[in-house]
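Within every chain, numbering begins at 1; the chains are lettered A, B, ... in the order of the sequence lines, protein sequences first and strands thereafter.
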Protein chains: 2
Amino acid sequence: MEKYDCLKLENQLCFPLYACAKEIVRKYTPHLNQLDLTYTQYIAMMVLWEQEEVTVSELGRCLYLDSGTLTPLLKKLESKGLITRRRSEADERIVLVRITPEGMKLRERAAGIPPQIGNCLNLSPEEAKTMYDLCYKVLKCL
Amino acid sequence: MEKYDCLKLENQLCFPLYACAKEIVRKYTPHLNQLDLTYTQYIAMMVLWEQEEVTVSELGRCLYLDSGTLTPLLKKLESKGLITRRRSEADERIVLVRITPEGMKLRERAAGIPPQIGNCLNLSPEEAKTMYDLCYKVLKCL
DNA sequence: TATAATTAAATTGTAAACAATATAATTGAA
DNA sequence: TTCAATTATATTGTTTACAATTTAATTATA
């Protein structure tokens, strides 16, 4: 065990994780292009397909993103007519993000995507589950 | 099993992977700031600490990055004096990236970082190994 | 009640990422 | 040999990401 072994790319856990995430997102891209969505826009829509209205900060907690990322992204989704943004009347600091009927319609077409990605990952259901659990274990303790 | 279940964030494998990679990179940031490196610059340096000279495309294959990302990044590292860039004489299309003594010096300080990250991941060595293997399994089949 | 502290979003600035395209050098085929 | 394909890198344009800061609203405290 040499002094600098821990600096070898092949001994890193973070690097394959980083590369893997990046490459899977790239796999999504051609499918998402058909919906005119980027990956980040897509996961934001996922939250809204489940929950008609959320605040920007709730969305940020769900997606591990901050307002610096979300504000321009949400403006983009708004300009496409998929969501609306309005200040809460009860607390003017809060912006409420709501999905539009147009946005809800996309769900149908989006539902075809995950199975197609799943198929090309080459993992057994057990392996996928293991990976899923390990990711959340890391995320929980940051 | 409902029609849209596959669109729930909690049923995605890609999302936790994406979030996990992002959050770990964020963990690196304060340590890398002390070396005046970003994460991507850091993994590029990792390749060069192992291999004194590489072409841009070799580096891209190692890191799963293309010239659109690497060119500006390498110019940055060059401006910091950590690497040099020059065209190959045998084939003028190729750019050779070489680490400088200055760049080599950084290795010493960088060696302290991986252990600190490892400690806060909350994974057993076996879990880390499993995750590592699964990432590479996915990467291999893209 | 006045003011300090906190909170929520937005803004600014920098870097990363990549598709698409451009440029230039090299290789291959007619 | 000439010109078409290929290869390597660079450039352009868009989006992502985030730290740091700003603005505005709300809450807590003196």
Side-chain angles (χ1 to χ4, degrees), chain A residues 15 18-45 54-61 63-80 83 85-97 142, chain B residues 14-15 18-45 54-61 63-80 85-97 142:
Chain A
F15 171 67
Y18 152 88
C20 197
K22 217 160 51 66
E23 294 304 308
I24 297 185
V25 167
R26 195 214 298 276
K27 272 279 176 203
Y28 271 94
T29 305
H31 300 102
L32 292 175
N33 281 344
Q34 296 177 8
L35 310 189
D36 188 30
L37 289 178
T38 63
Y39 182 73
T40 319
Q41 289 165 10
Y42 169 66
I43 59 177
M45 291 305 292
V54 287
T55 68
V56 172
S57 42
E58 277 180 286
L59 195 56
R61 272 189 295 278
L63 303 180
Y64 296 86
L65 294 171
D66 68 6
S67 69
T69 303
L70 287 175
T71 298
L73 183 143
L74 294 171
K75 284 181 179 175
K76 193 86 196 183
L77 290 177
E78 188 179 38
S79 77
K80 295 185 199 178
I83 63 160
R85 294 159 67 243
R86 66 189 167 80
R87 292 272 168 188
S88 159
E89 283 167 30
D91 184 340
E92 289 277 347
R93 292 171 303 180
I94 294 173
V95 167
L96 297 167
V97 179
L142 232 61
Chain B
C14 183
F15 171 69
Y18 151 89
C20 196
K22 215 160 54 66
E23 293 305 307
I24 296 183
V25 167
R26 194 213 299 277
K27 271 281 177 203
Y28 272 93
T29 305
H31 300 103
L32 292 175
N33 282 344
Q34 295 178 10
L35 309 190
D36 188 28
L37 289 178
T38 63
Y39 182 73
T40 318
Q41 289 166 11
Y42 170 65
I43 58 176
M45 291 304 293
V54 286
T55 68
V56 172
S57 41
E58 277 180 288
L59 195 56
R61 272 190 297 277
L63 304 179
Y64 297 86
L65 294 171
D66 67 7
S67 69
T69 304
L70 288 175
T71 296
L73 182 143
L74 293 171
K75 284 181 178 173
K76 194 85 196 187
L77 290 177
E78 188 179 38
S79 78
K80 294 185 199 178
R85 293 158 69 243
R86 65 186 169 84
R87 292 274 166 184
S88 160
E89 283 167 30
D91 184 339
E92 289 278 347
R93 292 172 303 180
I94 294 173
V95 169
L96 296 167
V97 180
L142 233 62

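- When heavy atoms are screened at a 4.0 angstrom cut-off, B/L65 is found touching the sugar-phosphate backbone but no base atom.
- Looking at heavy-atom distances under 4.0 Å, A/A90 makes contact with sugar-phosphate atoms alone, never a base.
- The base-pairing partner of D/dA30, taking Watson-Crick or G-U wobble contacts with both distances under 3.5 Å, is C/dT1.
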Could you run down the sub-3.5 Å N/O contacts of the protein with nucleotides 1-8 of chain C?
from	atom 1	to	atom 2	distance (Å)
C/dT7	O2	A/R93	NH1	3.0

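- Atom CG of A/L63 and atom C1' of D/dT16 are 13 Å apart (whole Å).
- Here A/T71 reaches the OP1 or OP2 of C/dA10: one of its side-chain N or O atoms lies under 4.0 Å away.
- Rounded to an integer number of Å, the gap from A/E58 CD to C/dA9 P is 9 Å.
- For B/R61 and B/E58, the salt-bridge test fails: no basic side-chain N is under 4.0 Å from an acidic carboxylate O.
- Remark: C1' of D/dA20 and CZ of B/R26 are 14 Å apart, rounded to the nearest angstrom.
- C/dA17 atom P lies 15 Å from atom NZ of B/K76, rounded to whole Å.
- With hydrogens and angles left out, the side chain of A/S67 and the base of C/dA10 share a donor-acceptor pair within 3.5 Å.
- Between B/Y18 and C/dA17 there is no side-chain N or O to OP1 or OP2 distance below 4.0 Å.
- The separation between A/I24 atom CD1 and C/dA17 atom P is 16 Å, rounded to whole Å.
- A residue-by-residue look at A/E92 and A/Y64 shows that A/Y64 has its nearest nucleotide of DNA chain D further toward the 5' end.
- Distances from the side chain of B/K75 to the nucleotides C/dC18, D/dT11, D/dA17 place D/dT11 closest.
- With DNA chain C read from its 5' end, the first of the two nearest nucleotides for A/R85 and A/E23 is the one closest to A/R85.
- For B/A21 against A/Y18, the heavy-atom pair with the smallest separation is CB-CA, 3.8 Å.
- Interatomic distance, CG of A/L37 versus CD1 of A/I43, reported as 11.5 Å (0.5 Å rounding).
- The two atoms that bring B/L59 and B/A44 nearest to each other are CD1-O, 4.2 Å, heavy atoms only.
- To the nearest 0.5 Å, the span separating CG on A/D36 from CG on A/L77 amounts to 9.5 Å.
- Taken residue by residue, residues 33-40 of chain B places heavy atoms nearer than 4.0 Å to DNA chain C at B/T38, B/T40.
- Between atom OG1 of residue B/T38 and atom CG of residue B/L73 there is a gap of 5.5 Å, rounded to the nearest 0.5 Å.
- Atom CG in B/L59 sits roughly 15 Å away from atom C1' in D/dA10 (whole-Å rounding).
- Spacing between atom CG of A/L32 and atom C1' of D/dT16 amounts to 14 Å, rounded to whole angstrom units.
- Here the shortest heavy-atom pairing between A/Q41 and A/K76 reads NE2-CG, 3.6 Å.
- A salt bridge does not link A/E78 with A/K75: none of the charged nitrogens is closer than 4.0 Å to a carboxylate oxygen.
- Computed from coordinates, the B/E78 CD to D/dT9 P distance equals 14 Å when rounded to whole Å.
- In terms of heavy atoms, A/G68 sits closest to A/P72 at O-CD, 3.4 Å.
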### Query
Are A/K22 and B/L65 close enough, and set up right, to give a side chain to side chain contact (heavy atoms under 4.5 Å, CB included), and what steps lead you there?
CA-CA 10 Å; A/K22 217 160 51 66; B/L65 294 171; 3.6 Å; yes

